[in-house]
**Q** 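Would you mind keeping the following structure in view while I ask a few things?
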Amino acid sequence: MAGPYSAKVMDHFMNPRNVGEIENADGVGEVGNPACGDMMRLYVKVEEGRISDAKFRTFGCGAAIASSSMLTEMIKGKTVDEARAITNRHVADALDGLPPVKIHCSVMAEEAVKAALDDYARKHPG
Amino acid sequence: MAGPYSAKVMDHFMNPRNVGEIENADGVGEVGNPACGDMMRLYVKVEEGRISDAKFRTFGCGAAIASSSMLTEMIKGKTVDEARAITNRHVADALDGLPPVKIHCSVMAEEAVKAALDDYARKHPG
Amino acid sequence: MAHIFFDHISTTPLDPRVFEEMKPYFLEWYGNPSSHIHDQGQAALKAVDAARTRVAGLIHARPQEIVFTSGATEANNLAIKGAAEAYEKRGRHIVVSEVEHFSVMNALLPLRNRGYEVTPLKVDSDGKADPEDVRRAIRPDTILVSVMHANSEIGTIEPVAEIGRIAREREVLFHTDATASAGHIPLDVEAAGADLVTLSAHNFYGPKGVGALYVREGVRLASQIDGGFQERGFRAGTENVPGIAGMGAAAAIAKEEMAPWAGKLRRLGKRLWDGIGATVSHLHFTGHPVDRLPGHVSFWVEYAEGESLLLFLNVHGVMAASGSACSSNLRGRDEEDLVASPVLRAIGVPSDICTGSITFSLGKGNTEEEVDSVLRVLPVIAKRLWEMSPTYLDYQKQKVQGGG
Amino acid sequence: MAHIFFDHISTTPLDPRVFEEMKPYFLEWYGNPSSHIHDQGQAALKAVDAARTRVAGLIHARPQEIVFTSGATEANNLAIKGAAEAYEKRGRHIVVSEVEHFSVMNALLPLRNRGYEVTPLKVDSDGKADPEDVRRAIRPDTILVSVMHANSEIGTIEPVAEIGRIAREREVLFHTDATASAGHIPLDVEAAGADLVTLSAHNFYGPKGVGALYVREGVRLASQIDGGFQERGFRAGTENVPGIAGMGAAAAIAKEEMAPWAGKLRRLGKRLWDGIGATVSHLHFTGHPVDRLPGHVSFWVEYAEGESLLLFLNVHGVMAASGSACSSNLRGRDEEDLVASPVLRAIGVPSDICTGSITFSLGKGNTEEEVDSVLRVLPVIAKRLWEMSPTYLDYQKQKVQGGG
Ligand SMILES: Cc1ncc(COP(=O)(O)O)c(C=O)c1O
Ligand SMILES: Cc1ncc(COP(=O)(O)O)c(C=O)c1O
């Protein structure tokens, strides 16, 4: 039985990539709120304008965890500008789709990367 | 399968007793109205204050036909006063009961005998 | 004894193939579709979604336009009350034919009590509504027109496509109750111009306890059974999963086999119609002679009462319905139920003789032999009742006098 | 893989004996009870009447006080809206506990829109309503008090007998929703002083698509589904005959076997409760520790979200429910559904952590081995989610700082 999610979502939920923290991360983004059922914290390391590493911790449903995991895979190796261009749609598509009411989880992923890169920009002005 | 009616009702419906007319009846009673779904015509012959014969014709449902048949059986041999004392309850009980919404059919039987005896009284004053 | 079921308009036997498709959802996959986070619930949800697609297919709708209900009565209530309440601001006037089922007519009562106005549409002596009457009845404050697809009592098929076109021109919602017709004759929600369509599974060899309302995308309805968020908010309550799966299976089978069924039923129906007409005197057919449900033969017999006819038929193993309310008045409200049916009154049958109406409704399992059996017993039964009837006696005496 | 169904509160597997009693009414006796003039209809009517007697027996009612519906949601709607409309002249005030199911709460919405007033009753931290609050809430214009018999999410059994007594003293109708409790713990309509009681077949090993409302003799209700004259005018529509027969069979079995079932479930429930309490940290049980449904174990885990817990449990073959709305929000109205459940809010669980609530509801088929399996996997799953959670990380850092 497939459950409500695609096989891709279930794979990323059960075997999430890049769970953890980055000590002295170049940028950290936190979005969501446990009271609303999900919260994501994204850590990025940026080297020469490229995201060299990404890790996350997420409190949330299956789609939230899978979106976080997929997002970290997608941004690693990308330039900051390329990463900023990632939309929730890209994340959802990469997961072979999300149920309509779970789209907000991919939105959270999009917002997390923007928040982390905003943090990076603040810490590394110019 | 017994159907909605008791075995007694079905017996009197399928093998009604005393169907027909009495030529020169001493009393004829007609009650009901085809527009309301049933109509009964009862003929009685009275000899020495006793009902010596009774016949009926009825247009109506199973309960109406069975009540008519049962009534004729019940009044035969009775005195006029005894026959007048017959109530719808007696008819229904003799049929082993009627469904609640069919009670009016036994009422029709009660009214028919009263009507026939009224007619008899009119025709044989004093 | 014979067991000749000629009362398919009241309900149909479940198709054994439908039962097979329902079975897994009783003992094995018994989950609640709302608990679809786990395998049991997920299996149930998939079954409901698959059935939705199949039911939609029967009437050329989209799956998301199908709302499952507990049956046709609930679907009619949801259509009428739900639309009336949702479009109350636009107006409070509704147009319905005068031959609608009780579940449409009585759903209007609480609305009337709240100030809605209802314009009844007359039908002709064959039971047909006139689309031009619909045009005339529509007012600026009209929000809904409801005319059934086919009448269960007299079999007449209504001109829904023309009525739907007029309703659409005037931007009024059109509801059609297809309880008696769906699965038996083609129905395309586009061609019919219908915004709301009532369907009932047990009328096309599916299970009792499940029906559906087609709700055209964009049409609003006030839900009538409130609670959890099932059926996209149109109808709350844990889904009847085996029932819904059964309705889906029945819809798929009907779509496939409707044409051969109808061919057979038209043949049997004609044999019955012609045979009765030839052998039973004082008989009057009801409903449209051509535009009628396949295998549906309805009529009334003078000087005979409906229930007595049905009882005698049943004694011979023949099961049928009476158009008069009499046949079901064993649990009626009171004696008023004994009067002739509103449909027969609407087509002008005199109320003092129409209590003897009969509806034979054939199904895909009936045979020529069964028709011939009925043709043998019906004249005998009619004669027997006439001989007991005071009205028949009077008629004969008059005839003699008239002749003499 | 394991198939451990611990979600009996959402629905129960059909008892195979119940299915056997339903079967004849699918293929063999498929008649419509309204067509009881013939054998097919008569068989159907008899089945419905027999089921009515059996369902009445379960709650010590009389057969004529049972109205069959399509389920608990419809029964709750009929009770609330039906009583409100029928007794409108007496008053327009209703008292309900704040932990009622959506099918009670949302049935009140259209009434509120029409000017009815609703007083919610607070519950304590175990989820219990206080009968004295009911006494205080009743006003001269109060027509109805509705407090459920047992809460499905947290298992708490409400003091319905005391509430019923107070309602009766004040001559106010008392409705209790016994969806979660009927067939599991004794319920006597006299002892409970109940005028209206909601029952659901699929919650006690009967079929989906059928429920009942007990309506005390003499109590009036405005029918909510109008049409033909079925169910003594309380509820129109062709009866779901196999479903009703199934509900009757399930009621008869439950009446007979309820006591041994409850004994077993209390044992298994205690084993699960004690085991979880001993092995999972950051865990908080919900509901009353003693006055609760047998085999019902509900709790929330800090730093873990409900849907993720359920998904992982399901991967291990364990099927359960989350008390938070989250578990069913895949088809919710919008993101607001993501908030914690009203019941958990009512018992004072802080909304930022209670999304991790779980309800294990055991059934008569569950075993000790299954309980032990769950006791093995749950701590592992919780740990796994904590390790992914930013809130757990923060908690641990604080602890270290606090300790250092
Ligand atoms: C035309 C029509 N509509 C609606 C209904 C109601 O169907 P149900 O009793 O299955 O809810 C009937 C039932 O005979 C019908 O004939
Ligand atoms: C207490 C309670 N009442 C009513 C209902 C509604 O039941 P159904 O969805 O079967 O109509 C539920 C369902 O979970 C419930 O738990």
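Proteins come first, then strands; the chains are lettered A, B, ... in the order of their sequence lines, and each starts at number 1. For clarity, every value in this text was computed on a predicted model and none was experimentally measured.
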**Q** Look up atom OG in D:S103 and atom CD1 in C:I225, then write down how far apart they are to the nearest 0.5 Å.
**A**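 That separation rounds to 10.5 Å.
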**Q** Considering only heavy atoms, which portion of C:A222 lies under 4.5 Å from any heavy atom of chain D: side chain, backbone, both, or neither?
**A**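 Neither part, no heavy atoms under 4.5 Å.
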**Q** Taking side chain as C-beta onward, heavy atoms only, is D:Y25 less than 4.5 Å from C:K208?
**A**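 No, every pair of side-chain atoms sits at 4.5 Å or beyond.
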**Q** Do C:M22 and D:P242 come close enough that some side-chain heavy atom pair is under 4.5 Å?
**A**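 With C-beta onward as the side chain, the pair stays apart.
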**Q** Can you tell me if D:N314 uses its side chain to pair, donor with acceptor, with the backbone of C:D39 under 3.5 Å?
**A**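 A pair under 3.5 Å: yes.
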**Q** Specify the closest pair of heavy atoms between D:K81 and C:Q224, including all atoms of both residues, with the distance to one decimal.
**A**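 Taking every non-hydrogen atom into account, NZ-O, 2.9 Å.
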**Q** Which answer fits C:F26, side chain, backbone, both or neither, if we ask what part of it has an atom under 4.5 Å from a heavy atom of chain D?
**A**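 Its backbone and side chain both get close to chain D.
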**Q** Can you say whether C:M105 sits under 4.5 Å from chain D via the side chain, the backbone, both, or neither, judging by heavy atoms?
**A**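 Neither; nothing under 4.5 Å.
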**Q** Among D:I244, D:V315, D:T238, D:T69, which residue has the highest count of heavy-atom pairs closer than 4.5 Å to chain C?
**A**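 Sorted descending by pairs with chain C, the first entry is D:T238.
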**Q** Using a 4.5 Å heavy-atom cutoff, which residues in residues 6-16 of chain D come close to chain C?
**A**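 The stretch touches chain C at D:D7, D:S10, D:T11, D:T12, D:P13, D:L14, D:D15, D:P16.
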**Q** As an exercise: rank C:G31, C:A107, C:G41, C:G243 by heavy-atom pairs under 4.5 Å with chain D and give me the winner.
**A**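 So the answer, after comparing C:G31, C:A107, C:G41, C:G243, is C:G31.
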**Q** So which of C:G209, C:G246, C:P207 has the biggest tally of heavy-atom pairs under 4.5 Å with chain D?
**A**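 Max contact count across the listed options: C:G209.
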**Q** Quick one: does D:H38's side chain get under 4.5 Å of C:L310's, heavy atoms only?
**A**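 A side-chain contact under 4.5 Å is absent here.
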**Q** Between atom CG of D:N32 and atom CE of C:M319, what is the distance when rounded to the nearest 0.5 Å?
**A**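 Reported value, rounded in 0.5 Å steps: 13.0 Å.
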**Q** If I measure from the heavy atoms of chain D, does C:E74 come under 4.5 Å with its side chain, its backbone, both, or neither?
**A**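 Contact with chain D is through both the backbone and side chain of C:E74.
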**Q** State which residues pass side chain to side chain contact (heavy atoms under 4.5 Å, CB included) with D:A2; sequence neighbours excluded, sorted by chain then number.
**A**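 Expected list: D:I4.
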**Q** Tell me which of these, C:N240, C:D226, C:T73, has more heavy-atom pairs under 4.5 Å with chain D than the rest.
**A**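 Going by pairs under 4.5 Å, I would pick C:D226.
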**Q** Does some side-chain heavy atom of C:F5 sit less than 4.5 Å from a side-chain heavy atom of D:Y30?
**A**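 With C-beta onward as the side chain, the pair touches.
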**Q** Can you tell me which portion of D:A44 sits under 4.5 Å from chain C's heavy atoms? Options are side chain, backbone, both or neither.
**A**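 For D:A44, no heavy atom lies under 4.5 Å from chain C.
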**Q** For D:R235, is it the side chain, the backbone, both or neither that has a heavy atom under 4.5 Å from a heavy atom of chain C?
**A**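 Looking at D:R235, just its side chain touches chain C.
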